[in-house]
Amino acid sequence: MMTTPFWESTPLDSMTEEQWESLCDGCGKCCLHKLMDEDTDEVYYTNVACSWLNSETCSCKDYANRFQSGEECLKLTRDKISEFNWLPETCSYRVLAEGKPLPAWHPLITGDKKAMHDAGESVKDSVVYEIDVVDWEDHVLNHPNRS
Ligand code: SF4
Ligand code: SF4
């Protein structure tokens with residue numbers, strides 16, 4: 001008998017900590033530096049990664065200590081759901097907060113990150129680091145909320 005997966009049956013603010021954490025697809029997009037337009041408050045993603053991001057695995061090099069990284073790492077919490085529009089359009093938290101279904105390549109559906117990487121929906125091998133930056137303007141991605 002088919003059972004409804006928790007992300008379809010349980011609202012974000014009612015999920016257990018384990019469910020909440022498992023929603024993260026590990027794409028690494030939120031670990032890219034962002035620029036904000038001072039006039040419009042629009043957020044622009046760049047292809048410049050946080051120095052703690054492993055660009056091959058798209059994982060944090062020290063996830064447990066990320067808030068001591070000095071990189072202004074933010075914790076996504078349930079009380080900030082209404083502010084999730086700064087996250088990438090494909091971010092699971094934003095997708096569910098907007099009432100949309102998780103994409104077919106999501107690791108919770110496929111079992112691992114391969115389909116996500118194959119679909120180009122992660123930052124795998126596609127970023128540079130701050131030490132490489134001469135002019136930030138050259139690193140702004142065309143689509144503000146995508147990487
Ligand atoms: S963008 Fe969202 S789903 Fe992707 S790594 Fe960041 S928090 Fe997780
Ligand atoms: S400290 Fe880790 S989790 Fe936080 S932005 Fe950097 S790479 Fe991402």
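Note that the structure is a prediction, hence the values are computed from the model and not measured. Both counts, for ligands and for their atoms, begin at 1 and track the order of listing. Along the sequence shown, the residues carry numbers beginning at 1.
Within the listing of ligand 1, atoms 1 (S), 5 (S), 6 (Fe), 7 (S) sit less than 4.0 angstrom from a heavy atom of Cys30. Residue-ligand proximity, Leu53 to ligand 2, at heavy-atom distances under 4.0 Å covers atoms 7 (S). Per-residue contacts place Ser92 under 4.0 angstrom from the following atoms of ligand 1 (heavy atoms of the residue considered): 3 (S). If you number the atoms of ligand 1 from 1 as listed, the ones under 4.0 Å from a heavy atom of Gly28 come out as 5 (S). Counting atoms of ligand 1 from 1 in the listed order, those under 4.0 Å from a heavy atom of Cys27 are 1 (S), 4 (Fe), 5 (S).
Ranking protein heavy atoms by distance to atom 3 (S) of ligand 1, first place goes to Asp25 OD1, 3.0 Å. From the protein, the heavy atom lying nearest to atom 2 (Fe) of ligand 2 is Cys60 SG, 2.4 Å. Residue, atom and distance of the protein heavy atom nearest to atom 8 (Fe) of ligand 2 are Cys31 SG, 2.3 Å. Distance from atom 4 (Fe) of ligand 2 to its nearest protein heavy atom, with residue and atom name: Cys73 SG, 2.3 Å. Protein heavy atom nearest atom 6 (Fe) of ligand 2, with residue, atom name and distance: Cys50 SG, 2.3 Å.
With Ser92 contributing its side chain and Leu23 its backbone, the two residues share a donor-acceptor pair below 3.5 Å. Looking only at distances, no side-chain donor or acceptor of Lys61 sits under 3.5 Å from a matching main-chain atom of Ser59. Distance alone, capped at 3.5 Å, places no donor-acceptor pair between the Arg78 side chain and the Ser14 backbone. Side chain of Lys29 to backbone of Cys91: no donor-acceptor contact under 3.5 angstrom is found.
Between Leu53 and Tyr129, the shortest heavy-atom contact is O-OH, 2.5 Å.
Ion pairing of Lys114 with Asp118 is present here, as a side-chain N (NZ or NE/NH1/NH2) and a carboxylate O approach within less than 4.0 Å.
Close to ligand 1: Leu76, with a non-hydrogen atom less than 4.0 angstrom away.
Taking the centre of each ring, Trp136 and His33 come in below the 6.0 Å mark. The distance between the ring centers of Tyr93 and Trp20 falls below 6.0 angstrom.
Not one N, O or S atom of Cys91 sits under 2.8 Å from atom 4 (Fe) of ligand 1.
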